[in-house]
2 protein chains.
Amino acid sequence: MNSASVTEKKLLHALMQFKRLGWHEQFIRGYKPSEIRVLVCIKRGMDLGYPDIKVSEISKRMQVTSPTVTQLVKSLEAHGLVERNNDLVDRRSVGVRLTEKGEEVARQALETFLATMSGLIEYLGEEQSEQFIELLLNVSRYFREREADMLYFQGIGDDEA
Amino acid sequence: MNSASVTEKKLLHALMQFKRLGWHEQFIRGYKPSEIRVLVCIKRGMDLGYPDIKVSEISKRMQVTSPTVTQLVKSLEAHGLVERNNDLVDRRSVGVRLTEKGEEVARQALETFLATMSGLIEYLGEEQSEQFIELLLNVSRYFREREADMLYFQGIGDDEA
DNA sequence: TAAATTAAGTTGACAACCTAATTATATCCG
DNA sequence: CGGATATAATTAGGTTGTCAACTTAATTTA
């Protein structure tokens, strides 16, 4: 085999290494990572001037299904980090917003994340960081495009017993 | 806020995008991704001249606990992709090896992966691919180093090989 | 207004892990 | 030798994150 094959294997290896990082997101004040992600998602909307966010909107932004969001929001509500309020215009909708406590947790989480990013940027250097960002987005694009193709293969069921 | 903060946010975003790629590893002939990974892991050993591999060895290489491996192997065995055989020297050990069918599935999976890698390399270009590999490994290193710090907070005692 | 669509929630499942405890050996050392 | 200790694998049970299938309620559209 030629050098291309070597690069392929190195790439596969590097990707596996990377993918298997739990990338540090466990824990944070006793809340589950997915909860934190919802919190931060809501906070981002809030910072842009939309304190209330719909479940469907969270779902879209986080790229998970709405049942998933419903569950997470329920749990966050139980912890007193968010509150729901019915939308008066469209009564199917539910507005989710952070409580003060939720905002605090979100703020802290975001800070922690950004500090980690900041550390990484320092570690890599500014230039390499920019490059890394671009490459990550490129690669994401590649996989996303290809994924559509792969679903066709899914139905090829040659199963046994 | 200076420009660093912008880079941090972009980086966070890019990482999230990337992380949330199921990176195409679902399914494959009806077998679970984790099963496939075990298969490929065993095959790699086989190609290096070690057809039998111990559970603990798989565990180490895949960086998952041995109960996890046991389960996966059990499932693979049920599908007729691997077989166990008792080690005669150390009777606590179990040697796992691919059946012919297992080898075929592993071969195909590896081929598919490498083709995907090959496509990606083409997509990025050789030079950028190399850069990407290096950056991934660097970043993995960064997170791993930092994770060690974070584990103190959690109490998740885990050692490396 | 009936039909279609959309928003959210409920239920039940599953993948991919983990920890703790258990069983069977193996090894080491007084 | 024989007990203490270490190691390999397994069993049992739990957690997280996610989804598909379905329901209910409300809204839009033909």
Stepwise side chain to side chain donor-acceptor pair (under 3.5 Å) check, T65(B) with T68(B)
CA-CA 5 Å; T65(B) 59; T68(B) 301; 3.1 Å; yes

Has the side chain of Q71(B) got a donor or acceptor that lies under 3.5 Å from a partner of the other kind on the base of dC18(C)?
yes

Please report, rounded to the nearest Å, how far the [atom2] atom of [N] is from the [atom1] atom of [X].
X	N	atom1	atom2	answer
I58(A)	dT18(D)	CD1	P	14 Å
E35(B)	dA15(C)	CD	C1'	10 Å
R37(A)	dT18(D)	CZ	C1'	11 Å
N86(A)	dA26(D)	CG	P	10 Å
K32(B)	dT18(D)	NZ	P	19 Å
K60(B)	dA9(D)	NZ	C1'	15 Å
E77(B)	dA9(D)	CD	P	14 Å
Y31(A)	dT16(D)	OH	P	14 Å

Worked check of salt bridge (charged side-chain N to carboxylate O under 4.0 Å, His left out) between R107(A) and E103(A):
CA-CA 6 Å; R107(A) 202 190 51 67; E103(A) 200 181 332; over 6 Å; no

Report yes if a side-chain nitrogen or oxygen of R91(B) is closer than 4.0 Å to either non-bridging phosphate oxygen (OP1 or OP2) of dT27(C); otherwise report no.
no

OP1 or OP2 of dA16(C) sitting under 4.0 Å from any side-chain N/O of S34(B)?
yes

May I ask you to decide if the ring planes of H79(B) and Y31(B) are parallel, tilted or perpendicular, using 30° and 60° as cut-offs?
perpendicular

Let me confirm one number: the CG-NZ distance from L76(B) to K101(B), rounded to the nearest 0.5 Å.
10.5 Å

Please determine whether side chain to side chain contact (heavy atoms under 4.5 Å, CB included) holds for the pair V38(B) and V69(B), giving the CA-CA distance in whole Å, both sets of side-chain angles, and the decisive distance to 0.1 Å.
CA-CA 8 Å; V38(B) 173; V69(B) 175; 5.6 Å; no

Base-contact (B) and sugar-phosphate-only (S) positions in nucleotides 3-9 of chain C, heavy-atom cut-off under 4.0 Å, - elsewhere
---BSSB

Which is true for V38(B) with a 4.0 Å heavy-atom rule: it touches a base, it touches only sugar-phosphate, or it touches nothing?
nothing

Is it the case that more than 12 heavy atoms not belonging to E104(A) sit under 6.0 Å from its CD atom?
yes

Greater than 12 external heavy atoms within 6.0 Å of Q108(B)'s CD
yes

